[in-house]
Amino acid sequence: MTVSHELDTPQPRQKREFFGSRNMFILAAIGSAVGLGNIWRFPYVAYENGGGAFIVPYVIAVVCAGIPLLFFDYVIGHRYGGSAPLSMARISRWLESIGWWQVLICFIIGLYYAVIVAWAAMFMIYSVTGAWGDDANGFFFGDFLQMSDTVAFTGEFVGHIFWPELLVWIVTFIVIFLGVNKGIAGANLIFMPLLVIMVVQALFLPGAMDGLNALFTPDWSALGRGEVWAAAVGQIFFSLSVGFGIMITYASYLKRKSDLTGSGLVVGFSNSAFEILAGIGVFAALGFMAQAAGTSVSETATSGIGLAFVAFPTIISQAPLGALIGVLFFGSLVFAGFTSMVSIIEVVVAGVRDKLGLTRQVAALVVIVPMAIISLLLFPTTAGLYFLDVFDAFVNQYGILAAALVAIICVGWICGKLPLFSRHLSKLSSIPANWVWILFVGAIVPLALAYMLYTQLTKDLSEVYGGYPPEFVAVFGWGMVIALVVVAIILAALPWSRRIDTSFDEAEEDAEIETIYQARLARELGEGGSKNGTEASS
């Protein structure tokens, strides 16, 4: 991002950190949106929900839900110029707890994201050494994770996971301490070509076309099932980094004259293009593995951890240039996971920094050191996967989805801010956010979120998640979800630092936006006049 500023007086808007350019913001936002779910979740979700036919609800979900909600986050961060809690407090003091809810969701996700990045880093090395031998499944769950039979905290640390995860936290601290600058944003320029190389290599494997046929052969009957449409919205929602404070925080670092909707479209469609590209590479590789094993693609297709750390190591062991495929694939996971993790931790740092009036460096210490300690106590242990699984399932379904739904209802419906937000977006951007955007974000998105929450809640109340002991799920699943809301309310009740000004003058903001808008119109008219004059003289 940019250089930090001391906060010795009430914080004027113009003194906030800013991205050096719009391109830096776009790259940072893409880096956040492109995460682990794009690589190991989307291909299988598409395969399970109609194959090629899934592209229809997926594109509709991008246009009708993903991008409208992305604009919603952008306008909150940009207009109110603060972290999620500060921006919400500037809308209305009673909304601050929603901002803290989003911060705490990022706190939980950041805890376990670090260990997944550490796993990927180790498997990048194992791709060269072939450490898993002929049994990738046994190696991952046995030799690598050393999983215990007891679903509870064991206190038994796994050294070859602990030390890489500690390194991940150290690197994360350095990046956050210095600011998310051109190094992180620019690194995306390296990451995308690496993915293309992986996809091209996978396409030349024997059996690759079988995998692509399995992925893209359409099952049009799937379009009649509600769960397929819900899966499309869910995939967009979880992969686009919307609804839990990341894009609010990043947009608060944008300069006042930034094109919000134009940037949002670039980020949204870049994320989707990446997902489809990842799907091609993953299923080409799965087709090869199926042919090598003499099975069908349906028997080898899986998602998440099973795809990344069991299926792909099997492919790597058998493929020509397997070590290269492994380094590229796990290198992609490392980078996608790390850039997303930086954006997640930045939400927490920004919230604490604003509330207490701290410098970036002090806030990084206050946030990251305790997070690293908790993470290193839980996840690089023999029971770490159990904690990760339950945390991930519950914080996504009942954290991200619920917080986004509540934010839309409270900000859009109760406070009635959507028409105001529409004007803010339209006057600053190349593409207007008119009544269609208000309809999407005010009606379609909350209905979709409510449906997803209802179906998931019905399922989880009828059976214990993952077959785990009920008391384990009660404490670390449901208990964690309830604790997030309670702690958010407590944090919102604490006083703000006297260095931070939580007041906000909507009329003054509108006047500034109008001035920018009129200046843009004058410039465009002037350029048009100059162009016409040139044409006339010629």
Please check this pair: side chain of [X] against backbone of [Y], looking for a donor-acceptor N/O pair closer than 3.5 Å.
| X | Y | value |
| --- | --- | --- |
| Q361 | F177 | yes |
| S426 | R423 | no |
| K417 | I91 | no |
| R90 | F504 | no |
| R499 | L356 | no |
| S252 | G77 | no |

Is the gap between the ring centers of [X] and [Y] under 6.0 Å?
| X | Y | result |
| --- | --- | --- |
| F42 | Y58 | yes |
| F144 | F309 | no |
| F140 | W119 | yes |
| F338 | F335 | no |
| F387 | F472 | yes |

Y465 side chain to D389 side chain, donor-acceptor N/O pair below 3.5 angstrom
yes
Exercise: do E156 and Q146 side chains pair donor with acceptor under 3.5 Å
no
Tested for side chain to side chain donor-acceptor pair (under 3.5 Å) against D510, the lone hit among H424, K427, R79 is R79
With under 30° as parallel and over 60° as perpendicular, where do the rings of [X] and [Y] fit, or are they tilted in between?
| X | Y | value |
| --- | --- | --- |
| W100 | W496 | tilted |
| W437 | F72 | tilted |
| Y74 | F71 | tilted |

To the nearest 0.5 angstrom, please state how far the CD1 atom of I246 sits from the CG atom of L240.
10.0 Å
I'd like to know whether F330 forms a ring pair (Phe, Tyr, Trp, His ring centres under 6.0 Å) with F123, so could you lay out the CA-CA distance, the side-chain angles of the two residues, the decisive distance to 0.1 Å, and finally the verdict.
CA-CA 7 Å; F330 288 110; F123 268 69; 5.5 Å; yes
side-chain hydrogen bond (donor to acceptor under 3.5 Å, both in side chains) evaluation trace for E346 with Y253:
CA-CA 12 Å; E346 176 67 16; Y253 300 134; 2.6 Å; yes
Sub-4.5 Å side-chain heavy-atom contact between E165 and V117:
no
Are more than 12 heavy atoms, taken from residues, nucleotides or ligands other than Y517, located less than 6.0 Å from that residue's OH atom?
no
